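Everything below concerns the one structure shown next.
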Amino acid sequence: GRNISMTFGGYYITTTDGYKYISNGACGYAGMISALPIEQSSTNQPIDINTLAFELTNYQLVKLTEKGFVTFKNSFTKGIVVTDGITMAPNTSEYKRLSTTRIIGCVETVIRNACEPFIGQVNTLAKRNSIKTAVNSVLQKLIGTLIKDYDFEVTSDDAQQVLGIIDIDYVIVPYYEIRQIRNRITIKDSI
């Protein structure tokens, strides 16, 4: 479920020859995500939809979001927006947030790219140390933009060395999206 987003919402599309149909939102949402910077969440972001086929109540939006569906709503200032950028991962999973899933996917890619030049070389302590340096270098570049912190370990026991396998175990602390901003007001007789 971490890489799957299900949409619930329809909007009208008119073709150049005047044919009008309702889209379920999946293609529009996929297009939006593909153009969205990796460090930005889709939550409360405008989506290029002219008009919704139907509008959901706040209660319906909450219930569908709780079940893992991405929905759309009219906002007061941005037009039509994505209600919440989520995936079909369980509610208790770290991968429930699409922004977290995208960050982890990026981290996996940069680690693979950093390690690719070492494939085919001899599995020695010196090469494993070089891999460690390469991984550390690419992860350092992500600090402050995609991740807050990380830790990793490069290991290869005797059996793995015979098979030419190296494991990289890592822990990432991603930046989490802003999901809510609360207003507070206090009334006093005088300041």
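Fair warning: this is a prediction, and the values are worked out from it, not measured in the lab.
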Identify whether [X] and [Y] are in the same connected component of the hydrophobic contact network (ILVMFWY, side-chain heavy atoms under 4.5 Å).
{"X": "Y170", "Y": "I165", "answer": "no"}
{"X": "V173", "Y": "L142", "answer": "no"}
{"X": "F54", "Y": "M6", "answer": "yes"}
{"X": "Y59", "Y": "L56", "answer": "no"}
{"X": "Y175", "Y": "L98", "answer": "no"}

(message) Let's go through Q45 and V82 carefully: what are the C-alpha distance in whole Å and the side-chain angles of both, what is the deciding distance for side chain to side chain contact (heavy atoms under 4.5 Å, CB included) to 0.1 Å, and is it a yes or a no?
(response) CA-CA 6 Å; Q45 296 305 307; V82 174; 5.6 Å; no

(message) According to salt bridge (Lys or Arg N to Asp or Glu O under 4.0 Å), who are the partners of E55, at least two apart in sequence or on a separate chain?
(response) none

(message) Which residues pass the salt bridge (Lys or Arg N to Asp or Glu O under 4.0 Å) test with E39, not counting sequence neighbours?
(response) none

Would you say the side chain of [Y] lies within less than 4.5 Å of the side chain of [X], judging by non-hydrogen atoms?
{"X": "R102", "Y": "C106", "answer": "no"}
{"X": "T14", "Y": "Y21", "answer": "no"}
{"X": "I49", "Y": "Y12", "answer": "no"}
{"X": "I4", "Y": "T87", "answer": "no"}
{"X": "N24", "Y": "F8", "answer": "no"}
{"X": "D167", "Y": "S156", "answer": "no"}
{"X": "I33", "Y": "Y29", "answer": "yes"}
{"X": "M32", "Y": "D48", "answer": "no"}

(message) So for atom CG, which belongs to N58, do other residues, nucleotides or ligands contribute more than 12 heavy atoms lying within a distance under 6.0 Å?
(response) no

(message) Please determine whether the number of non-hydrogen atoms from other residues, nucleotides or ligands lying under 6.0 Å from atom CG of D189 exceeds 12.
(response) no

Does a donor on one side chain sit under 3.5 Å from an acceptor on the other, for [X] and [Y]?
{"X": "N3", "Y": "Y95", "value": "no"}
{"X": "N91", "Y": "E66", "value": "no"}
{"X": "T71", "Y": "T83", "value": "yes"}

Quick one: does [X]'s side chain have a donor or acceptor within less than 3.5 Å of a partner on [Y]'s backbone?
{"X": "T43", "Y": "G85", "answer": "yes"}
{"X": "K96", "Y": "P90", "answer": "no"}
{"X": "T65", "Y": "L61", "answer": "yes"}
{"X": "T7", "Y": "A26", "answer": "yes"}
{"X": "S137", "Y": "T133", "answer": "no"}
{"X": "Q40", "Y": "P37", "answer": "no"}

Nearest 0.5 Å please: distance from the [atom1] atom of [X] over to the [atom2] atom of [Y].
{"X": "L52", "Y": "I22", "atom1": "CG", "atom2": "CD1", "answer": "11.0 Å"}
{"X": "L125", "Y": "K132", "atom1": "CG", "atom2": "NZ", "answer": "10.0 Å"}
{"X": "N74", "Y": "T51", "atom1": "CG", "atom2": "OG1", "answer": "7.5 Å"}
{"X": "E153", "Y": "R128", "atom1": "CD", "atom2": "CZ", "answer": "11.5 Å"}
{"X": "D151", "Y": "I172", "atom1": "CG", "atom2": "CD1", "answer": "9.0 Å"}
{"X": "I103", "Y": "L146", "atom1": "CD1", "atom2": "CG", "answer": "5.5 Å"}

(message) As a quick check of understanding, evaluate side chain to side chain contact (heavy atoms under 4.5 Å, CB included) for Y11 and I80, giving each step before the final call.
(response) CA-CA 10 Å; Y11 58 92; I80 298 172; over 6 Å; no

(message) Between V107 and I147, is the side chain to side chain contact (heavy atoms under 4.5 Å, CB included) condition met? List the steps.
(response) CA-CA 9 Å; V107 168; I147 60 176; 4.2 Å; yes

(request) Check P174 against T100 and note the closest heavy-atom contact, atom names and distance. (result) CG-CG2, 4.0 Å

(request) Could you pull out the closest heavy-atom pair between I86 and S5, with the gap in Å? (result) O-OG, 2.9 Å

(message) Test side chain to side chain contact (heavy atoms under 4.5 Å, CB included) on K20 and I13; report intermediate values, then the result.
(response) CA-CA 6 Å; K20 190 175 188 178; I13 296 177; over 6 Å; no

(request) Identify which one of K67, K73, R97 satisfies the salt bridge (charged side-chain N to carboxylate O under 4.0 Å, His left out) criterion when paired with D84. (result) R97

Please tabulate, one pair per line, all N/O donor-acceptor pairs under 3.5 Å involving side-chain atoms of residues 110-122, not counting sequence neighbours.
| residue | atom | partner | partner atom | Å |
| --- | --- | --- | --- | --- |
| N113 | ND2 | T109 | O | 3.4 |
| Q121 | OE1 | K127 | NZ | 2.7 |
| Q121 | NE2 | P117 | O | 3.1 |

